[in-house]
Amino acid sequence: MNHLQKYINQVRSHLLIILVANNAFLIGGWWYAHHIQHLSDINTLILLGSCALVLTVGFAFLSTSYLVSPLAAVWRAVLHIAPDTADTQAPNLQKIPLGRELIVSLVTHIYQIASITNTIEKIADKEQTNLDHDFIATSLPLPLVVLNKEDTIIFANQALAQYIGQNKTDMEGKNVYSVLDMAFTNEQTFDAWHRNARTNKAVAAQMWERVRLNLPDREQTNQPQFDLAAYYNQDNPQGFETMLVLFDHTNQYAQDDQAMSFVALAVHELRTPLTLLRGYIEAFQEELAGKVDPELEDFMKKMAVAAGQLSTFVNTILNVSRIENNQFTLQLHKESWKDVLENAVSAMHARAEVRGIDLQVSVDDNLPEVGVDRVSISEVINNLIDNAIKYSGTSDRIMIRAYQTKDGVVETTVQDLGVGIPENAVPHIFEKFYRNHRNRAQVGGTGLGLYLAKVIIGAHGGHIWVRSHEGEGSTFGFTVQPYNQVAGRAESSNNKSEIVRNAHGWIKNHSMYRR
Ligand code: ADP
């Protein structure tokens, strides 16, 4: 007889006994009421009805726990193996009063199936988190790295290992920032994007151009440069949260850098003759003032302005080249800001006058003395005023203001009422080589001035910003620190009256590596 048949027979016998007992009680009750107590028919009926109700309810309750005990044991077994309720005690199979053989067999089967499923899941897990078995990931001819939620490298392919000269297995398990020390051309770094994606996005993708890798064993000028693509997926079931692919452009970008070095070399040769030329023009202007035809005097002025512009161009190229080679240093000294600003502005008067523009300067009294590199900061002021002149359109006024902010730093603004900057161009104008395409054709320039200004202001410990409306004009502002704030910093050099700062154009990717 099989276990199920035995169980059915047991249930059947149990129910038979209960029903027979129930009926026997009722017949006994009727006999007692009718023949012993001589109750009337109606009273006998009421008494028997009540007895039937009580007996049925009583037997139903008694039978339920008995009949259900096998099912309860199976249920406990299921709870015992389920991951969420694994702390439930396993059923005691010896104590099952009914269908024990059937339940023992059922529970044994449940335990066996659970153990098989567990093994399958473990194998699947292992295969899923091990991208080494994935043909595409391993054979992709581009450096690829996959990160988990903790920024740990869980997979790096052979192409990446070759690219950065490290062993594949050495990289896996390490924090990505300790393996890939990347530098970007602006603040929108991978790290910044990643943090934003984690808080605001379920899925995100992004590209960066001209990313530079800093490998400790290579020279500064020989570091890999590449474009970077990243894909983020918050709920990836295998735990592959972020994927990075590197597109190598070292040769191409190195050529750009070499071109820059060549230009810098050529431009460097312009410096001496240009200084001579400017000196002679100035001497002529002084000597001949009022003695020659006004038209000739006007020519002289225009020559002086052109020579000044050429000199700004030369300085910009040389400075950018020094930044590229990490050779740009600033010497911060204690200076009167009113003095520095008015001097820089006066050097621009001729240029503004030629364009019929009035430079209006207002400097608040009682400004604290500031810590600045006079030459570099003057280049920033000149660049902002030069831009304001170039992009003034038909307007004839530029307002320059300097004041102390609530934070105690000295802020300077240069406001023009000219063509303004389209909203979509504003986030890019401090990038290297960026020029707004709408005025690229009409106005000459290199797209390096604001990039340089940002690097110089950054090295001064200040920040530079812009507010602009197309067709209404732009206001550029930047801050410099009071000298006592600068000097308070630990990095002051041995020479007490001079603080040396390095300026660099690359933004380190991660705060733990920021210089
Ligand atoms: P450029 O040599 O082209 O002037 P900059 O780096 O100084 O290079 O400026 C970058 C771009 O920002 C310019 O090409 C121009 O489109 C925009 N720009 C800068 N200053 C102004 C301004 N005052 N008004 C309008 N656009 C400006």
Side-chain angles (χ1 to χ4, degrees), residues 185-188 210 256 259-260 263-264 267 270 305-306 308-324 328 344-345 347-348 351-352 354-361 376-401 411-459 463-478 503 505 507:
T185 52
N186 59 40
E187 271 95 2
Q188 271 88 49
R210 283 183 175 268
D256 291 354
M260 185 71 199
V263 171
V267 159
L270 292 177
V305 167
Q309 273 173 325
L310 199 53
S311 158
T312 307
F313 168 79
V314 166
N315 286 335
T316 302
I317 299 289
L318 291 179
N319 284 339
V320 170
S321 163
R322 284 188 201 116
I323 289 171
E324 289 289 299
F328 191 62
V345 174
M348 298 302 290
R351 227 179 279 185
V354 166
R355 292 281 304 270
I357 292 173
D358 186 24
L359 298 183
Q360 302 173 348
V361 188
S376 304
I377 209 78
S378 301
E379 277 167 3
V380 173
I381 302 166
N382 289 354
N383 179 260
L384 295 184
I385 298 177
D386 192 36
N387 279 348
I389 296 171
K390 283 199 296 190
Y391 303 107
S392 256
T394 52
S395 106
D396 59 1
R397 264 183 322 139
I398 292 170
M399 282 74 71
I400 299 139
R401 299 187 187 90
E411 188 159 66
T412 305
T413 59
V414 177
Q415 182 186 7
D416 66 69
L417 306 171
V419 295
I421 305 166
E423 211 177 315
N424 60 356
V426 169
H428 303 288
I429 58 167
F430 294 102
E431 286 172 16
K432 190 158 60 164
F433 297 124
Y434 181 82
R435 304 206 64 221
N436 173 21
H437 70 275
R438 297 208 195 157
N439 49 37
R440 203 162 32 198
Q442 298 103 350
V443 186
T446 55
L448 291 171
L450 288 179
Y451 162 77
L452 190 61
K454 185 162 186 187
V455 175
I456 293 174
I457 295 299
H463 87 280
I464 186 163
W465 51 265
V466 60
R467 247 190 339 255
S468 186
H469 289 289
E470 207 174 355
E472 291 175 26
S474 314
T475 304
F476 283 81
F478 67 89
I507 312 288

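All heavy atoms count here, side chains included; hydrogens, waters and symmetry mates do not. As the structure lists them, so they are numbered: ligands from 1, and atoms in each ligand from 1.
Taking a cut-off of under 4.0 Å to the non-hydrogen atoms of G447, the atoms of ligand 1 that pass are 1 (P), 2 (O), 3 (O), 6 (O), 8 (O). Per-residue contacts place L450 under 4.0 angstrom from the following atoms of ligand 1 (heavy atoms of the residue considered): 5 (P), 6 (O), 7 (O), 9 (O), 10 (C), 12 (O), 19 (C). Those atoms of ligand 1 with a heavy atom of L448 less than 4.0 angstrom away are 6 (O), 8 (O). Numbered from 1 in the order shown, with element, the atoms of ligand 1 that lie under 4.0 Å from a heavy atom of K390 read 1 (P), 2 (O), 4 (O). Below 4.0 Å from some heavy atom of S474 lie the following atoms of ligand 1, by number and element: 22 (C), 24 (N), 25 (C).
At least one donor-acceptor pair closer than 3.5 Å links the side chain of S468 to the backbone N or O of G473. Counting only distance, with no hydrogens or angles, the side chain of S321 and the backbone of I317 share no donor-acceptor pair below 3.5 Å.
No side-chain heavy atom of S395 sits under 4.5 Å from any side-chain heavy atom of D416.
Residue-ligand proximity: G418 is placed with every non-hydrogen atom at 4.0 Å or more from ligand 1.
Contact annotation for Y434 and ligand 1: only backbone heavy atoms (N, CA, C, O) come within less than 4.0 Å of the ligand. Heavy atoms of L384 found under 4.0 angstrom from ligand 1: none, in either backbone or side chain.
Distance check: L450 CG to N383 CG gives 5.5 Å after rounding to the nearest 0.5 Å. Summarising the geometry, atom CZ belonging to R435 is positioned 10.0 Å from atom CG belonging to L448; distances are rounded to the nearest 0.5 Å. Atom NZ of residue K432 and atom NZ of residue K454 lie 14.0 Å apart, to the nearest 0.5 angstrom.
Any N or O atom pair closer than 3.5 Å counts here, and I421 shares no such pair with ligand 1. Of the N or O atoms in V419, none lie within a sub-3.5 Å distance of an N or O in ligand 1.
Distances from atom 22 (C) of ligand 1 to the heavy atoms of F313, Y391, F433 show the closest one on Y391.
When the shell of 6.0 Å around NE2 of H428 is examined, it contains more than 12 heavy atoms from other residues, nucleotides or ligands.
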